Enquirer: 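Just passing along the structure, written as structure tokens.
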Amino acid sequence: MANGLVIVAVLVLTLARQVRPQRVSADAKSWWVLPAVLVFMAVREPGLIDSRHPAASAGLLAAGVVAGLATGVAWAWSSSIRADASGEIWVRGSRATAAIWLGGAVLRLGLHGLGALAGVHQGSSATMVTVAAVLLARTAVVLHRVQGIRPAYRVTAGG
């Protein structure tokens, strides 16, 4: 239950932040912390891998991570990134971002359905690892894109 609430809270917060521009620091140093916390929470609980179907469970987990990474990369490339006159860099999700989020959720539900059909138990821990992969990939790609942005002009002190 607690894992489910953490997943929902992270997703709601992340999606809510996409509708308005967010300032990005090109030298962000803690961009990996939230994904690391999610993975830590996932692995500390038993049941990440179904002991009755370890190979199928590990395969579904790996597929979920790959799908999460792909979703995060697509999300990052669908976001607009620009610099303002002062040199601050801003990122904002687009309509394509919403479609990518929906597609990623459908893909995750499809993997969960495949697991259910095969009798593989997949708890919230697998979803947490997938969400961590999404956030990790998205932030890494956004930071990579930010490195290439230079404002066309700069405001200088005194004029």
Side-chain angles (χ1 to χ4, degrees), residues 1-81 89 91-148:
M1 181 70 167
N3 285 351
L5 291 174
V6 169
I7 292 167
V8 170
V10 167
L11 291 177
V12 167
L13 177 66
T14 303
L15 289 173
R17 293 180 65 190
Q18 289 303 300
V19 298
R20 61 184 197 278
Q22 295 291 313
R23 189 173 51 200
V24 177
S25 173
D27 61 346
K29 298 198 182 359
S30 60
W31 59 273
W32 54 270
V33 171
L34 181 58
V37 168
L38 290 173
V39 169
F40 174 76
M41 289 180 67
V43 298
R44 73 176 167 82
E45 301 226 354
L48 182 60
I49 301 292
D50 184 351
S51 61
R52 293 178 298 138
H53 305 93
S57 182
L60 287 169
L61 179 62
V65 169
V66 169
L69 292 172
T71 301
V73 168
W75 173 19
W77 281 105
S78 71
S79 299
S80 66
I81 299 175
I89 299 174
V91 63
R92 182 178 186 177
S94 65
R95 287 188 179 124
T97 303
I100 289 164
W101 265 93
L102 181 60
V106 167
L107 190 56
R108 179 68 192 129
L109 288 173
L111 288 171
H112 193 75
L114 282 174
L117 286 174
V120 177
H121 173 72
Q122 298 177 79
S124 60
S125 295
T127 303
M128 289 177 79
V129 171
T130 300
V131 170
V134 170
L135 295 175
L136 188 69
R138 185 263 180 185
T139 307
V141 172
V142 164
L143 289 175
H144 174 73
R145 289 181 63 200
V146 163
Q147 296 298 324

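In what follows, residues are counted from 1 in the order of the sequence shown. A quick note: this is a predicted structure, and the numbers were derived from the prediction, not measured.
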Enquirer: Over all heavy atoms of both residues, which pair between A118 and H53 is shortest? Give the atoms and the distance, please.
Expert: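 For A118 versus H53, the nearest heavy atoms are O-NE2, 4.1 Å.
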Enquirer: How far does OG1 of T127 sit from CZ of R108, to the nearest 0.5 angstrom?
Expert: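 Between atom OG1 of T127 and atom CZ of R108 there are 4.0 Å.
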Enquirer: Indicate the atoms forming the closest heavy-atom contact of L48 with S57, along with that distance.
Expert: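 Minimum heavy-atom contact is O-OG, 3.8 Å.
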Enquirer: Does A76 offer a backbone N or O that forms a donor-acceptor pair with the side chain of R145 under 3.5 Å?
Expert: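 Yes, because the side chain of R145 sits within donor-acceptor range (under 3.5 Å) of the backbone of A76.
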Enquirer: On a heavy-atom basis, which atom in A67 and which in L111 lie closest, and how many Å separate them?
Expert: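 Closest approach of A67 to L111: CB-CD1, 4.5 Å.
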Enquirer: How close do A42 and M128 get, counting heavy atoms only, and between which atoms?
Expert: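 Answer, listing the atom of A42 first, then M128: CB-CB, 4.1 Å.
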Enquirer: Is the shortest heavy-atom distance from the side chain of L135 to the side chain of W75 under 4.5 Å?
Expert: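 Side chain of L135 against side chain of W75, heavy atoms only: contact under 4.5 Å found.
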Enquirer: Any idea which heavy atoms bring S78 and A96 closest together, and the distance?
Expert: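 Smallest interatomic distance, heavy atoms only, reads CB-CB, 4.0 Å.
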Enquirer: If you measure from OG1 on T139 to CG on L34, what distance do you get to the nearest 0.5 Å?
Expert: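 These two atoms lie 8.0 Å from each other.
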Enquirer: With rounding to the nearest 0.5 angstrom, report the CD to CD1 distance, Q22 to I81.
Expert: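 Here the interatomic distance stands at 12.5 Å.
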Enquirer: When rounded to the nearest 0.5 angstrom, what distance separates OG1 in T71 from CG in L102?
Expert: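 These two atoms lie 10.5 Å from each other.
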Enquirer: Does the side chain of Q122 come within less than 4.5 Å of L60's, by heavy atoms?
Expert: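 They are in side-chain contact.
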Enquirer: With a 4.5 Å limit on heavy-atom distance, are the side chains of V73 and L69 in contact?
Expert: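 They are not in contact (no side-chain heavy atoms under 4.5 Å apart), so the answer is no.
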Enquirer: In Å, rounded to the nearest 0.5 Å, how long is the span from NE2 of H112 to CG of L117?
Expert: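 It comes to 10.5 Å.
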Enquirer: Evaluate whether atom CH2 of W31 has more than 12 neighbouring non-hydrogen atoms of other residues, nucleotides or ligands under 6.0 angstrom away.
Expert: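 It does: W31 CH2 has more than 12 such atoms within range.
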Enquirer: Give the minimum heavy-atom separation between G93 and S79, together with the two atoms involved.
Expert: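 That would be CA-OG, 4.0 Å.
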Enquirer: For residues V129 and L38, determine if any side-chain heavy atom of one lies less than 4.5 Å from a side-chain heavy atom of the other.
Expert: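 Heavy-atom side-chain distance check fails, nothing below 4.5 Å.
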